[in-house]
Amino acid sequence: MRERYEPGEFEGVWRSRWADADLFLTHEVEGRPKFYGLDFFPYPSGAGLSVGHCRNYVPTDVICRMKRMQGFNVLHPMGFDAFGLPAENEAIKRQRPPGEMIDDYADNYRRQMDLIGVSYDWSRSFKSSDPSYYRWTQWIFKLLHERGLAERRQAEVNWCPKDKTALANEEVVGGLCERCGTPVEKRSIPQWFFRITEYAEQLLEGLDRIDWPEGIKQMQRNWIGKSEGAQFRMDVVLPEPPSLEAAEARLAQRLPGMAEQMKQARALLASAEATLQAANEESEDWETPLEEVRKVKAVFSLVEPQLAALAADPDPDALMNQSQSLQAIHDSLEDQLEAIREQIRGIDADDPSDKSRQQGLIRQLEQAEEIFDDIEDAFEDFLDLAVLHRANDGMEIGRQELSFEAFTTRIDTIYGVTFCVLAPEHPLVEKIISVSPLSERRRIRQYLKKAKSLTDEDRAAEGREKTGVRTLAHAINPATGQRIPLFIADYVMMGYGTGAIMAVPAHDERDFEFAFVHGLPVLPIISPEKPGKQAMPSGFTLPSSAKEGWLINSGSFSGLTIAEAQEKLIEWLEEEGIGEKKVNYRLRDWLISRQRYWGCPIPVIYDKEGHPELAPDDLLPVELPPVESYEPSDDGSSPLSRIPDFVNVTTADGSLGRRETDTLGGFACSSWYFLRFCDPHNDEAAWSPESLAKWMPVDCYVGGAEHAVMHLLYARFWTKVLFDAGLCPVDEPFQTLRNQGQVLAKTPYRAPREGETLDVGDTGILVSFAEAEGMDEKDLDWRWVRMSKSKGNVVTPDEAVEAYGADALRLFELFVAPFDQNVQWSNEGMQGTSRFLTRVFKLCAELAPFWQPNWRAQIDQVEPTNRAPAIRRATHKAILKATDDIEKFAFNTYVSTLMIAVNELNELTKGNAECDDSERLAFSEAMESLILLLSPAAPHSADELWAQLDGAGFTLNCAWPVGQARLAAADVVQIAVQVNGKLRGSLEAAADASEEAVLAAAAAVEKVVPYLEGKEVVKRVYVPGRLVNFVVR
RNA sequence: GCCGGGAUGGCGGAAUGGUAGACGCGGCGGUCUCAAACACCGUUGAGCUUAAACUCAUGCGGGUUCGAGUCCCGCUCCCGGCACCA
């Protein structure tokens, strides 16, 4: 009989026995309850698993194993999230085809998962990159499209210049690409979106019905960002435009001079060309600038006649048609000239004559550029005029021809609106520009350009002064009829609400800041006190965003509370027909197309006109073709677009079509895998209705908190759509969700040395463990950071199993800290759990001689004597507590319960070599229960112990012990005795002793007596089984 | 700034409003051993002590209660998330 935990001797043996017996295959026995236990779909990284990952998989395994022993049909699958950017980037780095690479990585994951004995049913496994899987991803895409939830539209998207793809909002963190940390840029390209915003309300509402960590639910609520308020129309009074006559006169003045300028420019270019040509004969260095100057000259000679024609006949229509393109050409000529100057400067000119030639050329080119600049300016003038012609057509300037919609959650403050603000991207901005005088236009354009050049992050940077420009247009406050100035400012975002706000500086901090900078009036509307005789209470500070108070300065609404005013004002807006109650969400549509190779192809074909058509079902899957080069390109097109065989297809009507070459982002693939696990081999359908009816929803979903908004929101969305389509029996996929804490490793850092710089936000430089070895401890800064390959601080399960054994590792993962807390990893901790397992083996070896295989039939027939009641008490206490703890995710106390049981049984075993019949039976029950309770956490050891008792089969197939409260209850209890709430003594009493008896005994406890002497006992508190408290005075 | 979660010995942590510190790590002392490792036994919050007894202890300040780590009010600090969302 084994007396120690010797993992090397038996763990591997059991793992192969389990495999040979197909022990982990999903059982579906009619009439039993089901349990679906699932871990987050992992991306199999090349680094393999660390003990950090195991903290996810082991607890889920414990629950699934217990549920199975309790007689549930258990579904416990595992697969791999193979598609997506991380895999593709890794493949490019390793120069390997991604499919092949990911297969290797997944195999390694599986090997490691098996190594720690996780009971996955591998027969149900798949990768999201399997055509047999993504065929159905495409099928769901089609379903979404049919239901109007997938659409292609031009959009300004977050573009990662390093990964060369568009990203979803959720993948941008603080203005940086979540994957690679590169600052994202804005790009406008046609993209596929899933209209998740249609489900905003349902996604919000469903959160109330599921058992998830409060923090995650709150994050989703914030992400959806519901706010209720009012939306209403604000009329705009436009500025008087400059008169047409004046503009025409200016133009007429300018055109003749322009011809002269052109001549000068031509001469300058010719002279530069001549100089360069001469220089070129002496040295090749001058060749590039020469060629460039020739190009500029050629373009210029094309433009000149057009300009001459315009000058001769300044017809407004012609201006409109040509000025814009001419302006653009001049713009680019300027850029080119600047580039040439740079080239010339770059030439090494040792020779003094070369040097003067260089300087002369530069001067000439500068002059030419100035002329172009001037001409471009004039064209801008043309353009202005042309646009004015158009804008004024059919519009009465100065009247309320234009309006915008404003959204507010504080309609009660409408009387305090002292200005309005449009986002720089607001459509009305262009209209305002078009009717503004030139100088105004310049100012506004300049501001728009500056605003656009800012990244979202800079735009929202903390402490940044609020910038903006005033326009000559005014908005009209519908409540007061007053004209108020209209601004354009980048603190208003186009993406939220209507992109236009009513600004109330008295009651909004941002509006206040802006008003402060721009010297705008601040009018208080809310008083914290109920207004009395005084019209205007003094002494409150601005801005106040109080949610409680009374209205002042608000016409007939003065005196109402905020809540009353909101209600009344919305009624008023509706009566006037200018506005209504409105709910807004922060949630944006889900950008799903990626201009990358390694993803699920979007099953769409464009016809000749470019209209998207869905690939018919029988052509699914649209398979990802093998390619030589899958590196992304800069132009925003997927590598697939370079494969003619893939791109060119025949459409339904036989004509030639073009395939969509973008692929779906990885989050699409992981939005339904939990459904496929219910019926993974179905090639007729994504799943059968019966299979989902049988298994859904997932009863226990476990993974890291980092997926709080992305995967978990998307998966809920798809499930809800499928539910609405009648294809899924539940609308919430994950009934219970739990997040495990992270595993941190102690990692060496040091202060930067002279000349070294730190990245923003960093406070130290990472040191390798080898390097740290040789360093002085005082120079080192040890920090607890997340395990990752790049930090070199990873402990792998392979090492841990090798050194301590799989069961010791599993127990430590459970025991080290509460499940949802971060832990500071130390290998020494496994020493403790390994020692515990040795104590279990030793205990069982000692008790084995008393083993009665058929104890169950006899134990209740025999009167318990001697130690038997204590043994049974220890056993049943452990059963009850362990079962409850696992159910509650309290794995650390589940393990400590087992330790306590072992300690107690050890104590009871000590010094008593002989056992009577009832003790034998009690010990048998204890031993069997202990082994079975241990089985979910330490399955190898449990099976080894079970086999040593000649138990048949595997512990996983045994029934989970059932605890009896009656047997767990102590017959003698310790009662604490307090006087005035202070502990003064204790006594032992029979559990069923009467209150009077206990009180009497308590008063007689030796240590208690002095505290009662001479005092009057005013109250006696008795808590059965726990304590007595005498209140005296 | 807003939202969420925390703070208990040297360390990880335990504790339905009822004997704070279970269980484990580490430390100390011991047994076994030629020795080490393993294992086992004992001990281990602080203060004051020969000891007993007593006092103090769950981030800080109040409150409710016979009794508060736990409930309420007001702070401090730490972690996570969001962040010009009108």
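Per chain, numbering begins at 1; letters A, B, ... match sequence-line order.
Figure legend. B/rA46 is base-paired to B/rU55; pairs are counted as Watson-Crick or G-U wobble with both atom distances under 3.5 Å. In a base pair of the Watson-Crick type (N1 to N3 plus N6-O4 or O6-N4) or a G-U wobble (N1-O2 and O6-N3), with each distance short of 3.5 Å, B/rG29 is matched with B/rC41. Pairing of B/rU70, defined by two Watson-Crick or G-U wobble distances under 3.5 Å, is not identified with any nucleotide. The partner of B/rA22 cannot be assigned: no Watson-Crick or G-U wobble pair with both contacts below 3.5 Å exists in any strand. Across every strand in view, B/rU16 sits unpaired, with no contact that passes the Watson-Crick or G-U test at under 3.5 angstrom. Base pairing of B/rG80: its partner is B/rC3, meeting the Watson-Crick or G-U wobble criterion (both donor-acceptor distances under 3.5 Å).
Mapping A/T897 and A/V973 onto RNA chain B by nearest heavy atom places A/V973 closer to the 5' end of the strand.
Put simply, CG on A/L837 is 16 Å from P on B/rC38, counting in whole angstrom units.
A gap of 14 Å separates the P atoms of B/rG21 and B/rU16, to the nearest Å.
Ring geometry for A/F512 against A/F516 counts as parallel: the plane angle stays under 30°, on a 0 to 90° scale with 60° as the upper cut. Ring geometry for A/F841 versus A/F10: interplanar angle of 30 to 60°, hence tilted.
Residue contacts shown for A/V1021 include a base, since a base heavy atom lies under 4.0 Å away. Contact annotation for A/V492: base contact, defined as any heavy-atom pair under 4.0 Å involving a base atom. Within the 4.0 angstrom heavy-atom criterion, no nucleotide atom of any strand lies near A/P213. Using a 4.0 Å heavy-atom distance criterion, A/N892 is classed as a sugar-phosphate-only contact. Using a 4.0 Å heavy-atom cutoff across all strands shown, A/E828 reaches no nucleic acid atom at all. In this structure, A/F819 reaches neither bases nor backbone, as no heavy-atom distance under 4.0 Å exists between it and the strands shown.
Using modelled atom types, one finds a donor on one side chain and an acceptor on the other under 3.5 Å when comparing A/Y491 with A/D511. Between the side chains of A/Y585 and A/T197, no donor-acceptor pair of N or O atoms lies under 3.5 Å.
In textbook terms, a nucleotide whose glycosidic angle is within 90° of 0 is syn, and B/rG9 is one such case.
Taking the side chain of A/A817 as heavy atoms from C-beta on, and the options B/rG24, B/rG13, B/rG81, the nearest nucleotide is B/rG13. Which of B/rG24, B/rA83, B/rU19 sits closest to the side chain of A/A976 comes down to B/rU19. Taking only side-chain atoms of A/F815, from C-beta outward, the nucleotide of B/rU19, B/rG24, B/rG13 with the closest atom is B/rG24.
The ring of A/F514 has its center closer than 6.0 angstrom to the ring center of A/F487.
Between A/R1020 and B/rC66 there is no side-chain N or O to OP1 or OP2 distance below 4.0 Å.
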